[in-house]
Amino acid sequence: MRKFITIFIITFLISPSASKAQETSRFFKEKDLVTTGIYYYPEHWDEAQWERDIKKIAEMGFEFVHLAEFAWFKMEPQEARFDFNWLDRVVNLCTRYHLKVLLCTPSATTPTWMRVNYPETFVMDGHYIRAENGTRGLESIVNSKYRDFVKKVVAEMARRYGQNKDVIGWQIDNEPGAVPDYSPASQEAFRTWLKNKYKTIDALNTAWGAAFWSQWFNSFDQVIIPNTNLVGWWGNNPHALLDFKRYSADSQADFLDFQAGILRDYISKAQFVTTNYTAVCTGSDPRRTRKLDFAAYTAYPNGDTDNIGESGFRLGNSDVVLFASEYYKSVGGVSGVMEIQPGPVNWGSYNPLLLPGTVRLWLYHGFAAGGKIACSYRFRQILYGAEQYHAGVIQTDGVTPSQGGKDYMQFMKEIADLRKQFKPETKMLAKLAARSTAILWNVENYWSIDRQKQTGQWNTWDYPVKFLKTAKSLGAPVDVIQETTDLSKYKVVIVPAYEMVDAALVKKWNDYVTKGGHLIITCRTATKDRRGHFWEGEAAMPILNLIGAHIHQTDMLSSYGKGDVLMNSNHYSWHSWADLLLPDTTTAVLVTYNNQFYKGTAAAVVHKIGRGSVTYIGVDTDDFKLEKDLLQKIYKEAGATTEDYPPGVFVYWRDGFYTALNYSSENYTVNLPDTAKILIGEKVLKPAGVLIWKE
Ligand code: GAL
């Protein structure tokens with residue numbers, strides 16, 4: 001037991017602490033609801049067209065222009081020779097047409113001279129081959145030479161535009177993704193990171209389980225970045241790889257903070273600093289940054305999977321904005337979409353036309369989830385280059401709005417109308433507050449589980465998203481939260497597959513339940529410590545008292561196997577994961593396995609503690625219907641009513657406005673109360689339809 005506690009204390013001390021929420025209200029006036037913008041790349045176009053384009057942006061109804069991303073070659077055409085006159089002219093045009101400006105630091109694409117003269121400024125891949133210039137994000141962010149160059153260009157920009165009243169904020173870099181870097185600079189930085197973390201090489205050997213397969217190190221100098229490319233899957237050391245992910249995410253966060261620090265030396269407090277993470281972000285960990293005001297995201301719902309019904313491929317994957325809009329809010333309190341797909345893209349396995357209204361649907365999705373920014377990549381469709389087939393809001397003639405452009409104009413006009421309806425200090429209705437739900441998620445568990453999935457049936461990314469979707473289908477307001485979040489404001493907290501825990505976290509869950517909270521813990525939770533080791537004891541040892549059961553064994557099926565579980569008299573099928581539970585005497589069985597050699601064993605249980613309850617769901621069902629039925633039961637027991645929205649229909653509440661969105665291929669009639677006042681749309685929600693009302 002003592003050993004167990006010691007490990008807890010050590011791992012707690014070294015685990016990354018969450019970023020503090022920042023004060024963001026000064027950047028976005030509540031009554032504006034959301035601010036709209038568009039990416040414009042003047043360097044792609046003849047200067048004679050700049051004024052026409054900027055004027056058009058203003059006429060279409062946009063409020064800010066996103067500038068300077070990827071334009072380093074124009075800002076520093078030769079080393080140490082800076083030229084911002086061209087950018088001054090564009091910024092001045094924006095001022096003339098009453099447009100605000102969001103500036104982007106250009107670090108994601110460097111000028112050719114840098115790669116030619118300083119090849120060390122680029123990452124090396126897993127075969128130690130140096131990346132070339134020509135795309136985005138392949139610079140070595142830990143390389144000091146590259147950082148020197150970044151420092152100079154960012155300082156030049158900040159000095160020049162940091163006090164400009166029309167500049168509202170800054171985006172650092174582009175889609176920072178913590179690209180794995182095996183270059184010598186990164187090897188060195190990794191060793192330094194490990195020394196800071198472990199202090200002694202023996203501590204590292206223990207944490208990495210280096211006794212296995214003779215991986216033992218005599219000194220930090222012997223350590224190289226674990227490289228699955230060269231040792232193959234079997235040679236992977238999950239603990240070393242987990243640390244490499246952590247190091248890469250820390251380096252990425254440090255690089256963003258480094259740039260934010262340079263900006264903050266010069267810019268006014270009225271200008272915000274953010275970046276644009278990808279919606280599905282599995283490399284970076286936005287919660288590791290300390291100097292950004294909030295995190296924005298890019299969303300390309302175009303996708304080949306998870307689209308609903310016959311028109312689904314034209315409506316996109318609803319999970320994209322659904323998860324990102326909640327996840328990124330957990331970083332700085334607010335978020336917004338920096339890039340929404342403006343029409344067909346060029347990189348899908350096929351790139352169909354969108355159903356007219358789809359871009360508007362996505363924009364409203366971001367809005368409904370509380371987004372403060374609604375911006376899109378990009379204004380004009382470019383005539384050349386790798387993205388020439390990628391739509392813009394303006395077509396190739398430079399003047400005609402695309403369908404996405406028309407959708408945008410409608411959205412902006414409607415937002416202007418909604419602003420007039422805004423009433424400050426509107427409180428969430430009691431019926432919604434009674435269902436308020438949080439999903440605890442962090443990317444470290446994603447890294448850890450996805451490396452050792454144990455079954456191809458398990459979808460690490462999807463699993464928490466399915467809970468989010470399910471809670472939304474029952475009409476709950478749902479936040480995606482981090483470990484530091486205060487749980488007391490949530491009626492229900494879901495902890496899906498939260499593999500690595502420590503004593504402090506489990507205590508927090510316990511306290512939440514004792515005070516009346518309804519906690520749902522699922523399979524694959526608390527099976528490891530923060531290093532990724534199993535406990536020297538039973539599976540999920542730290543939570544057994546909490547869930548009131550033992551996890552006797554775990555099963556998984558072949559694709560042709562048949563798994564059947566039973567709740568009351570309802571059957572549900574499963575394949576991917578099944579914890580076989582042995583409940584304590586005070587614990588009630590909710591679900592049992594109904595076939596296989598362990599028929600009759602518990603699959604889900606509920607344990608009452610204090611004024612609350614802990615439900616443990618040990619099985620991952622094929623269509624998530626069991627999870628939905630369990631959730632509904634829990635809301636009911638918590639005294640909350642529920643809705644039953646079909647797949648693809650989402651209803652949100654923000655600032656007094658209800659928004660219903662339809663990603664499905666069928667019409668859906670929204671059941672409105674008599675008190676509802678429709679502001680936008682109709683009760684019958686067509687595919688891609690949006691309805692906004694007040695109650
Ligand atoms: C984004 C990226 C943009 C553009 C876009 C194309 O991921 O940030 O610069 O390349 O994809 O869809």
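These numbers were taken from a predicted model, which means no experiment stands behind them.
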Next item on the list: Go through Tyr616 and Thr587 one step at a time and tell me if the side-chain hydrogen bond (donor to acceptor under 3.5 Å, both in side chains) criterion holds.
Entry: CA-CA 10 Å; Tyr616 186 85; Thr587 303; over 6 Å; no

Next item on the list: Please test Leu557 against Lys562 for side chain to side chain contact (heavy atoms under 4.5 Å, CB included), starting from the C-alpha separation and ending with a verdict.
Entry: CA-CA 7 Å; Leu557 298 180; Lys562 285 195 173 51; 5.8 Å; no

Note to self: Could you go through Val478 and Ile439, starting from their C-alpha distance and side-chain angles, then the distance that decides it, and tell me whether this counts as side chain to side chain contact (heavy atoms under 4.5 Å, CB included)?
What the structure shows: CA-CA 7 Å; Val478 189; Ile439 294 180; 3.9 Å; yes

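Remark: Leu626 CG to Asp620 CG distance equals 10.0 Å, nearest 0.5 Å. Rounded to the nearest 0.5 angstrom, Leu582 CG and Gln553 CD are separated by 9.0 Å. The CZ atom of Arg451 sits 11.0 Å away from atom OG1 of Thr460, with the distance rounded to the nearest 0.5 Å. Once rounded to the nearest 0.5 Å, the distance linking CD of Glu627 with OG1 of Thr470 reads 7.0 Å. For the atom pair OG of Ser248 and CG of Asp285, the computed distance is 12.0 Å after rounding to the nearest 0.5 Å.
Across every non-hydrogen atom of Val492 and Ile634, the tightest pair is CG2-CG2, 4.2 Å. Closest of all the heavy-atom pairs between Gly475 and Tyr645 is CA-CE1, 3.8 Å.
Of the possible polar contacts, one joining the Asp622 side chain to the His575 backbone as a donor-acceptor pair under 3.5 Å is found. Asn351 places a side-chain N or O within donor-acceptor distance of the main-chain N or O of Gly348, the cut-off being under 3.5 Å. Remark: the backbone N or O of Glu666 is paired with a side-chain donor or acceptor of Asn662 at under 3.5 angstrom. Side-chain N or O atoms of Asn442 include one that pairs as donor or acceptor with a backbone N or O of Asn445 at under 3.5 Å. Counting only distance, with no hydrogens or angles, the side chain of Trp447 and the backbone of Thr282 share a donor-acceptor pair below 3.5 Å. Asp579 contributes no side-chain N or O that, together with a main-chain N or O of Thr554, makes up a donor-acceptor pair within less than 3.5 Å. Of the possible polar contacts, one joining the Thr514 side chain to the Asn510 backbone as a donor-acceptor pair under 3.5 Å is found. The main-chain N or O of Pro496 is never found under 3.5 Å from a side-chain atom of Thr522 such that the two would form a donor-acceptor pair. Between the side chain of Thr455 and the backbone N or O of Met556, no donor-acceptor pair lies under 3.5 Å. Side-chain atoms of Lys472 come within 3.5 Å of backbone N or O of Val651 as a donor-acceptor pair.
Looking only at atom types and distance, the side chain of Ser448 has a donor-acceptor partner in the side chain of Glu499 under 3.5 Å away. A donor-acceptor pair shorter than 3.5 Å cannot be found between the side chains of Asp584 and His607. Side-chain contact annotation: Tyr635 with Thr437, donor-acceptor N/O pair under 3.5 Å present. In this model, a donor atom of one side chain and an acceptor atom of the other lie less than 3.5 Å apart for Tyr300 and Glu339. Side chains of Gln482 and Ser330: no donor on one and acceptor on the other come within 3.5 Å. A side-chain donor-acceptor contact under 3.5 Å links Arg435 and Thr641.
The ring-ring contact (aromatic ring centres under 6.0 Å, His included) search around Tyr598 returns Tyr593, not counting sequence neighbours. Residues meeting the side chain to side chain contact (heavy atoms under 4.5 Å, CB included) test with Ala438, sequence neighbours left out: Ile481, Tyr490, Val493. Shown here are the salt bridge (charged side-chain N to carboxylate O under 4.0 Å, His left out) partners of Lys599, two or more places apart in sequence or in another chain: there are none. When the ring-ring contact (aromatic ring centres under 6.0 Å, His included) test is applied to Tyr652, the partners found at least two apart in sequence or on another chain are His365. By the salt bridge (charged side-chain N to carboxylate O under 4.0 Å, His left out) test, Lys372 is found to be paired with no residue, residues two or more places apart in sequence or in another chain being considered. Not counting sequence neighbours, Asp555 has no partner by the salt bridge (charged side-chain N to carboxylate O under 4.0 Å, His left out) test. Every residue two or more places apart in sequence or in another chain that forms a side chain to side chain contact (heavy atoms under 4.5 Å, CB included) with Thr278 is listed here: Glu175, Cys281, Thr298. The side chain to side chain contact (heavy atoms under 4.5 Å, CB included) test applied to Leu353 returns Arg314, Pro344, not counting sequence neighbours. Under the salt bridge (charged side-chain N to carboxylate O under 4.0 Å, His left out) criterion, Lys636 pairs with no residue at all, not counting sequence neighbours. Qualifying side chain to side chain contact (heavy atoms under 4.5 Å, CB included) partners for Asn671, counting only residues two or more places apart in sequence or in other chains: none.
For the pair Lys694 and Phe657, the cation-pi criterion (under 6.0 Å, within 45° of the ring axis) is fulfilled.
Here Glu444 pairs with Arg288 in a salt bridge; the nearest charged N to carboxylate O distance falls below 4.0 Å. Look at Asp629 and Lys633 and you find no salt bridge, because none of the NZ, NE, NH1 or NH2 atoms lies under 4.0 Å from a carboxylate O. Contact check on Glu483 versus Arg530 returns a salt bridge, with a Lys/Arg side-chain nitrogen under 4.0 Å from an Asp/Glu carboxylate oxygen. Lys466 and Asp319 are not joined by a salt bridge, as no carboxylate oxygen comes within less than 4.0 angstrom of a charged side-chain nitrogen.
Within a 6.0 Å sphere centred on CG of Asp450, heavy atoms belonging to other residues, nucleotides or ligands number more than 12. Atom CD of Glu682 has 12 or fewer heavy atoms from other residues, nucleotides or ligands within 6.0 Å. More than 12 heavy-atom neighbours from other residues, nucleotides or ligands sit within 6.0 angstrom of NZ on Lys508. Within 6.0 Å of atom CD in Glu637, more than 12 heavy atoms from other residues, nucleotides or ligands are found, so the atom counts as buried in its surroundings.
Contact annotation: the side chain of Val614 approaches that of Ile609 to within less than 4.5 Å [non-hydrogen atoms, C-beta and beyond]. By the 4.5 Å heavy-atom criterion applied to side chains, Lys528 and Phe534 are counted as neighbours.
For residues 498-523, no pair satisfies ring-ring contact (aromatic ring centres under 6.0 Å, His included), with sequence neighbours left out.
A centroid separation of less than 6.0 Å is found between the aromatic rings of Trp441 and Trp461.
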Could you give the side-chain donor-acceptor pairs of residues 236-245 under 3.5 Å, partners two or more places apart or in another chain?
from: Asn236; atom 1: ND2; to: Trp233; atom 2: O; distance (Å): 2.6
from: Asn237; atom 1: OD1; to: His239; atom 2: N; distance (Å): 2.9
from: Asn237; atom 1: OD1; to: Ala240; atom 2: N; distance (Å): 3.1
from: Asn237; atom 1: ND2; to: Trp208; atom 2: O; distance (Å): 2.8
from: Asn237; atom 1: ND2; to: Gln215; atom 2: OE1; distance (Å): 2.8
from: His239; atom 1: ND1; to: Arg531; atom 2: O; distance (Å): 3.0
from: Asp243; atom 1: OD1; to: Lys197; atom 2: NZ; distance (Å): 2.9
from: Asp243; atom 1: OD1; to: Arg246; atom 2: NH1; distance (Å): 3.4
from: Asp243; atom 1: OD2; to: Tyr198; atom 2: OH; distance (Å): 2.6
from: Asp243; atom 1: OD2; to: Trp208; atom 2: NE1; distance (Å): 2.8

